[in-house]
Amino acid sequence: MIAYLVVREGNKWRDVYRLTPGHVMTIGRAPTNRIVVHDEVCSRYHCEVFQNGTTWKIRDLQSRNGTLLGGEPVEGEAELKPGEVIEIGTCELAFTYDLSQAFPRTMGETPANEIDAGAQTLDVLEMVPPSTEPTILHREAENPFVDGRRAESMGRDRTSRELAQLYRLALDMGGANNSKQLADAVLKGLGSGTSADIGALLLLPNPVESGEDPGELTLVAYRSSGERPYQKVSEYLSTTVLKSREAILARDVADDSLLVNRDSLGEIHAKSVICAPIRLGKKIYGLIHLYSTNPEIKLEHDDLVYTLAVADQCAGALDNLLRQEKLADGLAKVRNENLKLREQLGIESELVGTSVLMQQLKDKIARIAPTDATVLIRGESGVGKELVARAIHFTSRRRNGSFVCMNCAALTESLLESELFGHEKGSFTGATSRKIGKFEQAHKGTIFLDEVGEMGPGIQAKFLRVLEGHPFERVGGNTPIQVDVRVVAATNRDLERAVEGGNFRKDLYFRLHVVEIVVDPLRDRLEDAEVLAKHFLQGFAAKTGRNVRDFTPAALEKLIAYNWPGNVRELQNTVERAVILCTGEMVGASDIQVSGLGGSEDQRLAAAHPAGGFGDITLEALEQQHILAVLDRASWNKSHAAQILGIERSTRSWQNSRFFC
């Protein structure tokens with residue numbers, strides 16, 4: 001097992017040293033030690049760590065202030081166990097075989113994954129035997145003036161060069177349109193800014209926070225300056241970096257299979273490795289993996305610092321790219337849904353029917369739709385005035401614009417004005433933000449105003465100006481708004497009588513009455529009832545998943561014989577109810593439940609007694625049964641039941657009925 005000494009000062013990791021069997025790791029303040037501790041409490045040669053058989057031991061070198069192991073002074077030699085901490089002044093060194101378990105969290109201690117990653121770099125070093133003669137660098141270091149001046153000059157030059165490289169790299173990152181282009185830019189910048197000859201960028205499926213399962217890393221791009229192929233980062237190294245959220249620099253790792261992967265020939269060519277997390281805030285996106293295969297050119301601490309700076313820039317650019325991709329996906333999804341909705345609306349707007357009246361209606365719509373003329377649709381409730389308006393819109397040149405519906409009878413005059421023309425923030429109580437009105441929403445499209453005859457006198461004047469092409473202002477605003485909207489209005493009210501009575505403006509009437517379409521009631525075109533019923537049956541069967549195929553002849557006869565006072569809407573509801581209640585593949589006459597408002601007297605009586613007969617009972621008893629059935633159908637609303645029966649609520653037979661109370 002490979003052993004490590006992890007150095008920590010305060011709550012931050014400083015370096016990690018790999019212990020090599022057969023070599024002694026010296027620790028002290030003198031620069032010739034393998035681990036240099038910058039603390040006055042530490043002696044020049046304080047202690048040493050060495051291997052004895054299969055165990056690692058620590059020996060205090062008669063230091064001035066002593067060495068603590070697990071809080072106890074070291075007397076002579078002491079065996080090191082995983083997790084034990086060596087204390088020398090403020091410096092702590094943990095002995096471990098697993099980097100992720102170097103410093104177990106204690107009470108009040110900041111966990112490793114919550115410490116600022118910018119200040120934490122793990123430097124894994126193989127201990128090499130000390131040279132017998134000091135190098136030239138050591139000798140020059142004896143002159144602090146010369147060494148300091150040269151170091152300052154070299155540091156300034158390197159910093160300026162790296163800042164310029166980072167600036168150019170940031171521009172390249174900003175121009176990337178996807179993660180592949182971003183990865184190529186990052187690896188190109190790292191190739192010129194570090195000593196690595198092979199590098200790669202690997203991303204997680206989704207950004208994760210601390211404690212979450214990161215998932216498998218995916219190689220986005222790699223770059224090699226030689227002929228050697230890229231070898232994926234070792235699972236141990238990637239897991240350690242993802243969990244600790246810290247960068248690792250490993251030097252002289254050719255014989256450490258935990259830190260590098262083997263190639264297809266079982267050989268490890270990496271001599272030094274950098275693995276840095278790509279993270280932004282609490283989220284981690286992936287890794288940057290660099291390594292050098294040249295034993296003469298190893299990755300150094302400056303390379304690690306530069307890689308961390310690039311990783312931070314990459315994280316920001318990657319976050320922006322992911323946001324853009326998410327927005328683009330959302331926009332594409334909305335567009336697809338919009339197209340599907342338009343197709344669905346187009347299907348639903350198809351006017352079904354084969355009668356002469358329906359064919360005349362379709363021909364009239366075909367002539368009106370290509371123009372931008374204002375259309376007034378008239379007809380009874382439930383005849384399908386909105387379907388006619390949709391047919392006009394979807395066969396016009398405005399078909400790609402919005403089709404906006406508004407029921408003018410559903411709101412008070414003040415709320416209707418706000419809905420149609422919008423309002424500004426603070427224009428009235430409850431106006432907490434600006435609201436765009438229906439006219440603005442329908443720009444370049446069509447607005448359908450149902451029950452237009454129910455508009456109040458105040459809003460009629462403003463509506464008239466918009467119809468005449470004048471700009472309008474939002475409620476509480478003073479900015480004129482010009483829209484290009486086609487108006488299609490509908491009403492079942494007698495507008496001529498309303499104009500005569502002074503309830504509807506005459507000028508607005510003439511402005512709306514440019515082209516008029518009258519939709520005939522279903523009772524005047526009963527030949528369309530069968531076609532409509534089968535059309536509704538197919539739609540509801542597919543929607544509910546019921547295996548209902550058609551109507552029986554008796555059911556069709558019952559549908560055609562009824563006069564449908566509720567028009568197409570009543571027929572649609574009746575078919576939906578029949579599909580739900582049907583127990584077989586064919587809808588029978590017993591499944592057709594019509595109201596008592598239409599049809600012949602026999603049909604109304606059959607509707608009140610769908611399963612009954614005419615037994616040997618008196619007329620009074622039959623009358624009471626009929627009253628009971630109607631009351632039950634009207635949910636015991638006596639006024640409604642009296643209206644269905646066609647009698648006054650105070651009628652004697654009604655009052656004498658035992659069901660009245």
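Being a predicted model, the structure only gives us computed values, none of them experimental.
- Side-chain atoms of R397 do not come within 3.5 Å of backbone N or O of P370 as any donor-acceptor pair.
- No side-chain heavy atom of V568 sits less than 4.5 Å from a side-chain heavy atom of D528.
- Here the OG-CZ distance, from S414 to F428, works out to 8.0 Å after rounding to the nearest 0.5 Å.
- When all heavy atoms of L526 and R523 are compared, the closest pair comes out as CG-O, 3.6 Å.
- With contacts defined as side-chain heavy-atom distances shorter than 4.5 Å, the pair F551/L559 qualifies.
- Contact between I580 and R546 at its shortest, heavy atoms only, is O-NH1, 2.8 Å.
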Carefully, step by step, assess R525 and E530 under the rule salt bridge (Lys or Arg N to Asp or Glu O under 4.0 Å). CA-CA 10 Å; R525 48 186 182 94; E530 180 179 349; over 6 Å; no
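- Minimum heavy-atom separation, S402 to A442: CB-CA, 4.4 Å.
- A distance of 3.5 Å separates CG in L416 from CD1 in I459, rounded to the nearest 0.5 Å.
- Residue M406 comes nearest to L411 through the heavy atom pair CE-CD1, 3.3 Å, listed as atom of the first residue, atom of the second, then distance.
- Listed for the K534 side chain is no donor-acceptor partner under 3.5 Å among the backbone atoms of D550.
- Every pair passing salt bridge (charged side-chain N to carboxylate O under 4.0 Å, His left out) that includes a residue from residues 440-455 is listed here, sequence neighbours excluded: E440-R474, K444-D484.
- Under the 3.5 Å distance criterion, the side-chain polar atoms of Q482 are matched with a main-chain donor or acceptor of G469.
- Between F439 and F421, the ring planes lie parallel to each other; the angle is under 30°, not in the 30° to 60° tilted range.
- A side chain to side chain contact (heavy atoms under 4.5 Å, CB included) with L201 is found for exactly one of I278, L318, L287, namely I278.
- To the nearest 0.5 Å, the span separating CD1 on I368 from OG1 on T374 amounts to 11.5 Å.
- T395 places a side-chain N or O within 3.5 Å of a backbone atom of A391 that can act as its donor or acceptor partner.
- The backbone N or O of V375 lies less than 3.5 Å from no partner atom in the side chain of R486, so there is not a single donor-acceptor pair.
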Applying side-chain contact (heavy atoms from CB on, under 4.5 Å) to T371 and V515, what does each step give before you reach the verdict? CA-CA 11 Å; T371 70; V515 178; 5.9 Å; no
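- If you take CG on L204 and NZ on K283, they are separated by 12.5 Å, rounding to the nearest 0.5 Å.
- With salt bridges taken as basic N to acidic carboxylate O contacts below 4.0 Å, none links D507 and R511.
- Residues V452 and M455 have side chains in contact (heavy-atom distance under 4.5 Å, counting atoms from C-beta outward).
- With respect to D312 and R279, no salt bridge is recorded, no charged nitrogen being found less than 4.0 Å from a carboxylate O.
- The structure places CG of N177 at 8.0 Å from CG of L321, a figure rounded to the nearest 0.5 Å.
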Checking side-chain contact (heavy atoms from CB on, under 4.5 Å) for the pair T552/V587: CA distance, chi angles, key distance, verdict? CA-CA 6 Å; T552 63; V587 175; over 6 Å; no
Going through the distances and angles, do D520 and V383 end up as a side-chain contact (heavy atoms from CB on, under 4.5 Å)? CA-CA 7 Å; D520 299 291; V383 294; over 6 Å; no
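- Side-chain contact between L217 and L203: absent, with no pair of heavy atoms (C-beta onward) separated by less than 4.5 Å.
- Side-chain atoms of R569 and S381 form a donor-acceptor pair, as typed in the model, at a separation below 3.5 Å.
- Contact record, E424 with A431: O-CB, 3.8 Å, taken as the closest heavy-atom pair.
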Under the side-chain contact (heavy atoms from CB on, under 4.5 Å) criterion, do Q593 and T574 qualify, and how do the steps go? CA-CA 7 Å; Q593 298 181 9; T574 300; 5.9 Å; no
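- Within the 4.5 Å cutoff, the side chain of V579 has no heavy atoms near those of the D591 side chain.
- Residues V220 and S179 approach most closely at CG1-O, 3.7 Å, considering heavy atoms.
- In summary, of the residues considered (E468, E473, E417), a salt bridge (Lys or Arg N to Asp or Glu O under 4.0 Å) with K462 occurs for E417 alone.
- A parallel orientation is assigned to the rings of F448 and F403, their planes being inclined by less than 30° (bins at 30° and 60°).
- Within the 4.5 Å cutoff, the side chain of E386 has heavy atoms near those of the C405 side chain.
- At least one side-chain heavy atom of L581 sits under 4.5 Å from a side-chain heavy atom of R577.
- In this structure, F394 CZ and T446 OG1 are separated by 9.0 Å, a value rounded to the nearest 0.5 Å.
- The backbone N or O of G379 sits nowhere less than 3.5 Å from a side-chain atom of N492 that would complete a donor-acceptor pair.
- Side-chain contact check for Q538 and H535: no donor-acceptor pair (N or O, by modelled atom type) lies under 3.5 Å.
- One side chain, D363 or Q359, offers a donor N or O that lies under 3.5 Å from an acceptor on the other.
- In terms of the salt bridge (Lys or Arg N to Asp or Glu O under 4.0 Å) criterion, residue partners of R549 (sequence neighbours excluded) are, by chain and number, E585.
- Ring centroids of Y509 and F504 are separated by 6.0 Å or more, keeping the two rings apart.
- Between the side chain of E516 and the main chain of L376, no donor-acceptor pair closer than 3.5 Å is present.
- The closest side-chain heavy-atom distance from K425 to K435 is not below 4.5 Å.
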